[in-house]
Protein chains: 2
Amino acid sequence: MPSLTKKKLSPVASAGLDESVRLEILSAAAEAFMKNGFAATSIDTVAEMLGATKGRVYYYYKSKADLFFDVYREAMRINLETIKPLAKSDQTPSERLSLMAHAHLMLILEHFPFQRVVTQGIEMHLSGSTTPDQRKALSALIAARDRYEQLFVDVVSEGIATGEFAAGDPRLKVKAVLGTLNWITIWYRPKSKQPSAQFADEFVNYITRGLRSPNSYWHNG
Amino acid sequence: MPSLTKKKLSPVASAGLDESVRLEILSAAAEAFMKNGFAATSIDTVAEMLGATKGRVYYYYKSKADLFFDVYREAMRINLETIKPLAKSDQTPSERLSLMAHAHLMLILEHFPFQRVVTQGIEMHLSGSTTPDQRKALSALIAARDRYEQLFVDVVSEGIATGEFAAGDPRLKVKAVLGTLNWITIWYRPKSKQPSAQFADEFVNYITRGLRSPNSYWHNG
DNA sequence: GTCTATACTAGGATAGAC
DNA sequence: GTCTATCCTAGTATAGAC
């Protein structure tokens with residue numbers, strides 16, 4: 001694959017020998033965005049983290065927004081890939097939901113910078129994206145986010161139908177569930193030591209109790 | 001009070017005839033920070049929202065960070081003032097916690113821009129604040145935030161002691177509770193129509209169930 | 001008190017050397 | 001592919017008029 005053919009096509013399309021470079025940039029960018037947010041992060045900083053200058057970064061991404069979007073996209077790819085099988089698995093809605101919540105929590109802890117970028121992406125307004133291409137890219141990412149959330153909504157809806165979960169608006173319930181977990185990206189600061197198993201249990205138990213119908217508390221205390 | 005005496009003292013200290021102007025600036029700033037975040041908000045934009053130029057803003061605040069901090073401070077003042085009486089009231093822990101959760105949700109909905117600034121403040125790093133004064137100001141605000149959270153932690157701890165709430169780490173439980181509610185500041189976009197009563201119920205019920213000990217489910221279904 | 005300059009810098013983005 | 005050099009805009013902050 002001669003270098004001419006991959007000159008500034010869409011970053012994702014330009015996969016080849018230098019895919020590893022792209023991933024390096026991606027993860028440096030995720031780290032930088034995590035620490036300072038999109039607006040306060042400079043391409044110089046990202047480059048510095050790579051031991052390079054912005055020339056390198058701009059070779060792969062034509063703008064800071066594109067770089068941000070690609071981090072976002074990568075995060076959603078991982079998330080969907082992880083959660084989808086659990087959502088469609090062959091178990092009761094409440095069992096599936098517990099697994100999904102636990103897995104989502106693990107995604108947050110294990111890919112923290114990426115998940116924080118997702119949070120920033122949710123807060124981000126389309127008004128910020130100047131070019132039409134960028135608006136399109138952001139819309140696509142929001143759509144991916146919606147599909148992800150829909151996996152949870154479907155399971156919760158099922159659970160309400162079976163009576164395992166309390167009646168109510170499944171969408172709001174999912175906002176509550178994901179809020180419980182995603183809020184971690186706001187206050188948590190990843191240190192050397194990983195959080196204990198109790199950490200995860202506390203959140204997952206809270207969620208399953210929070211959803212459970214009062215009538216079906218016997219499912220497992 | 002001659003105008004000389006209030007020349008650029010701490011913004012909060014400079015209360016007087018023009019307190020109303022300060023509040024106008026504060027709420028315009030909250031709105032602007034809500035929409036675009038701290039870094040992407042320009043003082044020009046804030047001034048424009050006031051139908052003025054930045055001269056006005058800089059007369060009251062010596063930097064953008066100071067302005068942000070004052071919005072944050074005002075938000076925490078309102079929050080503490082609202083929640084403290086409920087936390088100390090003469091009821092069972094679970095009753096108090098329900099009231100506090102409901103009140104916190106209402107604070108979010110009714111002072112949305114201010115609450116969103118609080119969220120941004122939590123994400124913000126001290127590394128961002130350059131001057132020593134600013135670091136001190138941010139520390140004080142973080143301390144206020146901690147006191148606020150502690151009100152919840154105390155009630156939850158009591159509830160665990162009485163057996164109303166499930167055993168576990170009260171701090172993590174409070175992170176879960178506040179996450180459920182504060183996450184609303186991330187995804188919610190205030191429109192003309194206020195959310196229904198069902199909106200609040202869904203969240204508060206989820207929270208109370210999430211905390212409740214399995215043994216004490218009979219308290220009220 | 002508020003406005004209109006204006007100084008000054010950070011940082012996005014591009015061009016062109018290598 | 002990556003770097004250096006450069007352009008250029010946006011935006012903080014201040015000075016000084018009114």
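Naming convention: chains lettered A, B, ... in sequence-line order (proteins, then strands); numbering from 1 in each chain.
Side-chain rings of F203(B) and H104(B) stay apart, their centers remaining 6.0 Å or farther from each other.
With rounding to whole Å, Y61(A) atom OH is found 16 Å from dT14(C) atom P. Put simply, CG on D66(B) is 12 Å from C1' on dA13(D), counting in whole angstrom units. When the C1' atom of dG1(D) is taken as reference, atom CD of E19(A) falls 16 Å away, rounded to whole Å. Atom C1' of nucleotide dT2(D) and atom CZ of R56(A) are separated by 7 Å, given to the nearest angstrom.
Contact check of residues 32-45 of chain A against DNA chain C (heavy atom, cut-off under 4.0 Å) returns T41(A), S42(A), I43(A). Against DNA chain C, the stretch residues 48-55 of chain B makes heavy-atom approaches under 4.0 Å through A52(B), T53(B), G55(B).
A donor atom on one side chain and an acceptor atom on the other are not found under 3.5 Å apart for E123(A) and T119(B). No hydrogens or angles considered: nothing links the side chains of Q150(A) and D146(A) as a donor-acceptor pair under 3.5 Å.
Using a 4.0 Å cut-off, no side-chain N or O of Y60(A) falls inside it from OP1 or OP2 of dG1(D). Remark: Y58(A) is in phosphate contact with dA13(C), judged by side-chain N or O atoms under 4.0 Å from OP1 or OP2. Side-chain nitrogen and oxygen atoms of Y59(B) include at least one within less than 4.0 Å of the OP1 or OP2 phosphate oxygen of dG1(C).
A salt bridge links R96(B) and E158(B); the closest N-O separation between the charged side-chain nitrogens and carboxylate oxygens is under 4.0 Å. The existence of a salt bridge linking R73(B) and D70(B) is confirmed by a sub-4.0 Å separation between a basic side-chain nitrogen and an acidic carboxylate oxygen.
Within a 6.0 Å radius of CD in E48(B), other residues, nucleotides and ligands contribute 12 heavy atoms or fewer.
Nearest heavy atoms, N79(A) versus Q115(A): OD1-NE2, 2.9 Å.
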Distance-only criterion, 3.5 Å: show the donor-acceptor pairs between side-chain atoms of residues 30-43 of chain A and protein atoms not counting sequence neighbours.
| unit_1 | atom_1 | unit_2 | atom_2 | d |
| --- | --- | --- | --- | --- |
| T41(A) | OG1 | A32(A) | O | 3.3 |
| T41(A) | OG1 | G37(A) | O | 2.6 |
| S42(A) | OG | T45(A) | N | 3.1 |
| S42(A) | OG | T45(A) | OG1 | 2.8 |

